[in-house]
Amino acid sequence: MNLRTKYGIPNNAVITIAGTVGVGKSTMTNGLANALGFRTSFEKVDTNPYLDKFYQDFKSWSFHLQVYFLAERFKEQKKIFEYGGGFIQDRSIYEDTGIFARMHYEKGNMSEIDYETYTSLFDAMVMTPYFPHPDLLIYLEGSIDHIVDRIRERGRPMEQQTPVAYWEEMHERYENWINSFNACPVLRLDISEYDLVNDQNSIEPIVERIGYFIEQTRMLKS
Ligand SMILES: Nc1ncnc2c1ncn2[C@@H]1O[C@H](COP(=O)(O)OP(=O)(O)O)[C@@H](O)[C@H]1O
Ligand SMILES: Nc1ncnc2c1ncn2[C@H]1C[C@H](O)[C@@H](COP(=O)(O)O)O1
């Protein structure tokens, strides 16, 4: 029996993985997709035409990058819907607006007009009854030191040149954001409690928790 069947996870479930840069979303996306036999939806980093420019000059490129990410994630969302679910998604669309766009607007990197244009586009596309929300958002959390170590270990040049204060501010914003997030059910995982890189067996207890969580959420709904 595979892990999905063993722990009663529906084959059309859509699970999105959220959390700050470097916390381990892509690793978790791959681990869960393998364990459950689901498809993956990754954000584009290497082929993103704005990301390098953005890290070099936040003020000039914040708006362009946000519009690009929004369009890419919306296309992914459409693909997930067309397949009828059974996906693990690396980062939620909610983080674009709730973390990144807001942070760069509040830091003065995006003008008020650009921010309003972006948020009205986001609201029109996402905050409608027609937009399918995920069945579950898994929020990965860990200490800032652990996360900065992972960003260093991964070694993307544009992130190495970014001051640690940027990751610290993002970490704090994420904690505040998740505490008031309510667009779909949330399961929190502490990254110090598992190691998907060195211990392949650590995925099963996570799948078990997901199965239990989905069952509880369905019972509360009915
Ligand atoms: N569970 C884990 N245990 C140890 N190292 C991890 C774990 N998850 C991720 N990493 C490492 O941390 C770095 C960032 O992980 P990644 O999945 O790319 O994060 P994200 O997608 O959130 O930016 C990578 O070098 C990865 O190998
Ligand atoms: N919406 C975004 N705005 C700015 N930067 C973003 C956004 N979404 C992702 N990013 C950046 C952060 C990282 O440098 C890369 C990939 O994210 P990761 O958390 O490593 O998957 O893109």
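Along the sequence shown, residues are numbered consecutively beginning with 1. As the structure lists them, so they are numbered: ligands from 1, and atoms in each ligand from 1.
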To the closest 0.5 Å, what do you measure between CD1 (Ile210) and CD1 (Ile15)? 4.5 Å
So, Glu72 and Lys75, do they make that salt bridge, N to O below 4.0 Å? yes
For Arg173, is there an ion pair with Glu106 - N to carboxylate O distance below 4.0 angstrom? yes
Atom 19 (O) of ligand 2: nearest protein contact (heavy atom, Å): Lys25 NZ, 2.7 Å
Check the side chains of Tyr174 and Glu95 for a donor-acceptor pair under 3.5 angstrom, ignoring hydrogens and angles. yes
Above 12 or not: heavy atoms from other molecules or residues under 6.0 Å from OH of Tyr212? no
Inspect the contact between Lys79 and Glu82 and indicate whether a charged nitrogen and a carboxylate oxygen are less than 4.0 angstrom apart. no
So for Asn48 against ligand 2, with non-hydrogen atoms under 4.0 Å, the contacting part is neither
Got an N/O contact under 3.5 Å between Asn198 and ligand 1? no
Mark yes when over 12 heavy atoms from residues, nucleotides or ligands other than Gln160 sit less than 6.0 Å from its CD; otherwise mark no. yes
Once you measure the plane-to-plane angle for Phe58 and Phe54, does it fall in the parallel (<30°), tilted (30-60°) or perpendicular (>60°) bin? tilted
Ignoring hydrogens, just give me the one of Glu43, Arg73, Arg91, Gln66 whose non-hydrogen atom is nearest atom 3 (N) of ligand 2. Gln66
Looking only at protein heavy atoms, identify the closest one to atom 7 (C) of ligand 2 and say how far it is in Å. Phe69 CE1, 3.3 Å
Test of proximity, Lys25 against ligand 1: N or O pairs below 3.5 Å: yes
Does the side chain of Asp190 pick up a donor-acceptor pair with the side chain of Ser192 at under 3.5 Å? yes
Residue, atom and distance of the protein heavy atom nearest atom 2 (C) of ligand 1 read Arg150 NH2, 3.1 Å
May I ask which of Thr20, Val45, Leu196 has a heavy atom nearer to atom 1 (N) of ligand 1 than the others do? Leu196
So if I count the atoms of ligand 2 from 1 in the order they appear, which ones are less than 4.0 Å from some heavy atom of Leu65? 3 (N), 4 (C), 5 (N)
Does even one non-hydrogen atom of Arg154 get within less than 4.0 Å of ligand 2? yes
Please say whether Ser26 places an N or O atom under 3.5 Å from an N or O atom belonging to ligand 2. no
For Glu159, which part has a heavy atom under 4.0 Å from ligand 2: side chain, backbone, both, or neither? side chain
Contact with ligand 1 for Gly19, non-hydrogen, under 4.0 angstrom: no
Write out the residue and atom name of the closest protein heavy atom to atom 15 (C) of ligand 2, then the distance separating them to 0.1 Å. Arg156 NH1, 3.7 Å
More than 12 heavy atoms of other residues, nucleotides or ligands under 6.0 Å from CZ of Arg150: is that the case? yes
Per-atom filter on ligand 2: closer than 4.0 angstrom to a heavy atom of Val45 are 16 (C)
Decide whether an N or O pair under 3.5 Å exists between Asp90 and ligand 1. no
Salt bridge flag under 4.0 Å for residues Glu208 and Lys6: no
Backbone or side chain, does any N or O of Gly24 fall under 3.5 Å from an N or O of ligand 1? yes
So which protein heavy atom does atom 2 (C) of ligand 2 come closest to, and at what separation? Phe100 CG, 3.3 Å
So is Met170 touching ligand 2 or not, going by heavy atoms under 4.0 Å? no
Do Tyr94 and His133 get their side chains close enough for a donor-acceptor pair, meaning under 3.5 Å? yes
Report the part of Glu95 in contact with ligand 2, treating N, CA, C, O as backbone and CB onward as side chain, heavy atoms under 4.0 Å; options are side chain, backbone, both, neither. neither
Near Asp96, which atoms of ligand 2 are under 4.0 Å from a heavy atom of that residue? 1 (N), 2 (C), 8 (N)
Salt-bridge present (Arg152, Glu159; N to O < 4.0 Å): no
Show me which atoms of ligand 2 lie under 4.0 Å from any heavy atom of Leu51. 11 (C), 15 (C), 22 (O)
